[in-house]
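Below you'll find the structure, written out as structure tokens, and then a few comments.
The chains referred to below are lettered A, B, ... by the order of the sequence lines, with proteins before strands, and numbering in each begins at 1.
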Amino acid sequence: MNQALKQAYGDPYLDIEEYDPEADLMVLNLGPQHPSTHGVFRLKLYLDGEVIVKAVPFMGYLHRGVEKLCEKLTYLQLVPIFDKNDYVSPMMNEQSLVMAFENLLEVEVPRRARYLRTILAEMQRVASHLLWLGAFAMDLGGALGGGSTLFMYCFRERELILDLFEEVTGSRFHYNTHTIGGNRHDLPSGWAAGVHRALRTINSRIDEYETFLTTNDIYLGRTRNIGVVDGDLALELGITGPILRAAGVDHDLRRDAPYHAYDEIEVRVPVQTAGDCEARSLVRLAEIRESIRIVTSMVDGVPEGPLTSRKPVKTAISEKIDHGHAYACVESPRGELGIYVIGGGANRGASPYRLKIRPPSLHALSCLPYVLPGHSVSDAVAILGSVDPIMGEVDR
Amino acid sequence: MTILGQVPSERCQALLRDRFEPRDCDTGGPPLVAVARHVELATTLRDELGYRIFGFVVAAHYPASKSQEDGVDQIRIAYGLRTVGPSSELAAWQVQVALGETVPTLAHLFAGADWQEREQYDLVGVRFEGHPDLRRLMLPEDWEGHPLRKDYAIDTQVPPWR
Amino acid sequence: MLYFVDSIRALATSMRNVFRRPTTVQFPDVQRPRTERFRASFALVHDEQGDEACVGCKACERICPSQVITVDLEKKESPITGKKRAYAKAFTLDANACIYCELCVQVCPTDAIVMTTSAAQPQFSRQDLCLDMARLYENERTLKRSWATASILAAMQQPAAQQVSPKGKDEPDA
Amino acid sequence: MNPWIRALIYAVVIVTLLMTVTAWSLWFERKFSARMQSRLGPTFYGPAGLLQPVVDGLKLLQKETLIPESADRFLFIVAPPLTVLLALATAAVVPFGADVVAADLNVGVLYILALGSLTIVPVWAAGWASNNKYAILGSMRAVAQGISYEIPLVLAAMVPVVLAGSMSMTDIVNYQIAHGWFAFWPPGPGFLAFLFFLPASLAEANRIPFDIPEAESELIAGVTTEYTGMGFGLLYLAEYLHTLIVSAVATVLFFGGWDGPFRPGLHWMVIKTLVLFGGIFWVRWSLVRFRSDQLMAICWRYLVPLALLLVMSAALWVHFVEGGS
């Protein structure tokens, strides 16, 4: 941690006793049961009056031992377990897991499946950012006020996308639509028309939300230069995703390390420089529009051909490998979601020896002890909302 | 293999070959580097080759039966770093340590490594020497045992509701 | 004072929405239309001759990630064809812990287990959510079947070499 | 008629009327906000959910009243009814019709402002008594907000008093009947004073965008965190009551009380109050909330100086235009 960053931000390892003794600090526990901690997350705040002096995050309330479960279940059985990790964008979990296994087993994915995966991923990004937008408005505006109005609008639009997913995969949220070597559900006829209709509505409704957000001065007062995370701190903390792009660093895996069919399409990456809450929300709103543009350009041109490159799975012990490591990462709405898998585990090689998930939200949360000191409690809630952590992914 | 950038990039492997004499690991994966030169490798990767984003740290426990070294439990830790911006690449290497020994921490180089190392200590039990605040990240403080050890109970029967 | 001037646009948006049709429905009376592929609760089915399709081969029991299915095998005379055949003596599916991942439907060799499009009916006790064989066969009669059966899923996941047409129900848009 | 009996009748009528109007304003707010959020709102109890307030009241009544063990029992119990009492007390002076007023004090506006500012005390007492960190934060914010918004409220209320030359509510309304409503007739000060009076009174009643004391996204429920059952019900009811009476006062001061185009009378007063009341709901459900220090900055940097200018301009208007009556 280079010295320049130490002065600019709060010190997470500040020793409370040395802080000036006569300031009587109040310890306030934000969470784990709190309306705006986006899941079970506890933030121990040391308050001097209403200004935060030190913030100590505590995690693990949602720890389910997913990585231990990976040692027992076979490759195919893990896919439905994994789309419950980041329960706001399940597509990305399944895709990164399945890509890691395909790396490990050296399996080729047919072009139609790669196109289908790109479309599903981008639609899931729109749905995930819409949910973030609603939750962020709730953090700023309160559950019984303007915030919940925008929350309802975002959920009304998100339903359109979930219905489209229901048409393809049969389930609204936990799809289990990916398998090693391709996808399990093909596109029903007439699906593309539904996608065009839904995305056109969402695109027009986004302008409506802008009246609540980017031009509304009360909102700007709550988000402009609040919780500034600049490029150096973000890179230092390993933060990726909208928070890094809002801090001015132009890094997006879809364009820099293309996977699926991203190398065949042009991905424009929105970047802001301010690094505060407002910049993060602008980046996410621009990303919604960008994803809509990508999906509408791709959804009619899905190439014909097979959906998977391996025979449909008929037994639990279907893939076997006894050695090798593989890493695959996906640009999830919160950053680089990576899966590192080591082959050769139990069930005679049919389950992984060790599987590690690189959760982008864990790194996003690690900026809190640096950024929170100096802000008030209502700012802390706004910053936590703009960082958009998902505890299912952080605690695994 | 159509997925680019997922295997250690050539630049990283070239650096490893000529400066750090890596050994090939028998269970596959990135090259194995001596524990002593591990921090030096991370510093050169970050400063000279521009791998600034901290990717992952994965500790895997190899009990005596599986590991070749004279019947002592081994822990192999795989590290990964990523470059920023267009054509982003991945650098990865492994370090092997006997159970109970410590590994020098990267928390001073990458603040992002701080919590990931705490998680590995919490789940696999490998101690990172020099870590500013090595506590359990997810399990409660008074939890005894490290769940991802191979000798940790694995086949506890799920209590059926029936 | 500039705070109140451009809040008017936010007020205008919310007033505009007052005149739009509400999207929520009164759930118990009005049900949202489910798509054809929606997968909710389960049903065991009879094959073409009217005999029980399930042969008790435990494929679904092994594939289930949350181990909620238990199957017991028995060999007995088939009431229709008269030959000695394997049946499932007892088949319990614990809907408490089921994660609706459709793997059991995919691995079933005889298209015996299918999912239905009627959302799960809440029960008052955990035991009621434990669907036994009788309940599963009764679901077949009462609930509307979902689109997926093992053969349709297999037909959809054929690799390039064998693009074989599915046996069983013809795939509407293969 | 014996003044005591008259006061009693008025008291009973006004209290029951206000309570029922507030109760059904709960229904109206939930229906109106639901429509704004493209939802259905309550539809289960009674036709289009009309019995919802009754059901809510019963639910709150049969909920167990928990008093935290480390709470200050007396304050904890007394605070909610006190807020309702103060909110109702301000209704005594509001003239609903030509001579339909409980007590026509000639210091009506002063009485209202005095009781209005007293409402901070029970809210603070509720927060302090529940001995909960979030409640204390909420109550401190309530005090800060209440005190600082007292000044623009008083100054904004001074403008009609200066223009009408009397503090009695009926005189103000009669003056407006004669010379046109304050909100429109003296183009400068009148409408601007209303624009200051409304946000200041919203801040007084802790309504969005000023509801910092019970900001549920940050302080869980602020002052009302520890309250369950009827305690919470009373605090919640007091907030609605206070808003209803503030909108009634605003109609009297700025929109000419019971004066109306065809046949001036009680019905005009009620219509105007309910329209203003609906407007407050509309603002509540579409604006994001301020941060508490921004709230204070608005008050001290903008509202107080401008309000002073307003009162001075009203005085100048009276001096020059009306020949210093």
Non-hydrogen side-chain atoms of C:P65 and A:P80 separated by less than 4.5 Å:
yes
Pairwise distance CG(A:L307) to CE(C:M156) - rounded to 0.5 angstrom
7.5 Å
With a 4.5 Å cut-off on heavy-atom pairs, point out which of A:L69, A:D186, A:I81 contacts chain C the most.
A:D186
I want to check something: taking the side chain as every heavy atom from C-beta on, are C:I99 and A:K84 in contact at a cut-off of under 4.5 Å?
yes
Contacts of A:T223 that satisfy side chain to side chain donor-acceptor pair (under 3.5 Å) - sequence neighbours left out:
none
Could you tell me which portion of C:T23 (side chain, backbone, both or neither) has an atom closer than 4.5 angstrom to a non-hydrogen atom of chain A?
side chain
Quick check: do A:L76 and C:I63 have side-chain heavy atoms less than 4.5 Å from each other?
yes
Side-chain contact, heavy-atom cut-off 4.5 Å: A:H185 with C:W147?
yes
Report which part of C:R32 has an atom under 4.5 Å of a heavy atom belonging to chain A: side chain, backbone, both, or neither.
side chain
What part of A:L78 lies closer than 4.5 angstrom to a heavy atom of chain C: side chain, backbone, both or neither?
neither
In this structure, CD of A:Q77 is separated from SG of C:C64 (nearest 0.5 Å) by 7.5 Å
Atom CZ in C:R37, atom OG in A:S171: separation rounded to 0.5 Å?
12.5 Å
Could you tell me which non-hydrogen atom of C:Q157 sits nearest to which non-hydrogen atom of A:V313, and how far apart they are?
OE1-N, 4.4 Å
Hey, does A:P306 have a side-chain heavy atom less than 4.5 Å from the side chain of C:Q158?
no
Pick from A:V79, A:D163, A:T149: which one has the most heavy-atom pairs with chain C under 4.5 Å?
A:D163
Between the side chains of C:R39 and A:N176, is a donor N or O closer than 3.5 angstrom to an acceptor N or O?
no
Between A:N183 and chain C, with a heavy-atom cut-off of 4.5 Å, which part of the residue counts as in contact: side chain, backbone, both or neither?
backbone
Is A:R205 in contact with chain C via its backbone, its side chain, both, or neither, using a 4.5 Å heavy-atom distance?
side chain
Do you know which of A:E167, A:M152, A:H174 has the most heavy-atom pairs with chain C at a distance under 4.5 angstrom?
A:E167
Flag the pair C:R9 / A:N216 as yes when at least one side-chain heavy-atom distance between them is below 4.5 Å, and no otherwise.
no
Just wondering, do C:R16 and A:E208 contact through their side chains at under 4.5 Å, heavy atoms?
yes
Not counting sequence neighbours, which residues clear side chain to side chain donor-acceptor pair (under 3.5 Å) with C:Q26? List them please.
D:T43
Residue part contacting chain C, namely of A:R310, when any heavy atom lies under 4.5 Å
backbone
Value for CD (C:Q67) from CG (A:L73), rounded to nearest 0.5 Å, stands at 7.5 Å
Can you find a pair of side-chain heavy atoms, one from A:R184 and one from C:Q106, that are under 4.5 Å apart?
yes
Rounded to the nearest 0.5 Å, what's the gap from CZ on A:R172 to CZ on C:F38? Could you check?
7.5 Å
Atom NZ of residue position C:K76 - does it have more than 12 heavy atoms of other residues, nucleotides or ligands inside 6.0 Å?
yes
Segment of C:C108 engaging chain A (4.5 angstrom heavy-atom cut-off)
backbone
Segment of A:Y153 engaging chain C (4.5 angstrom heavy-atom cut-off):
side chain
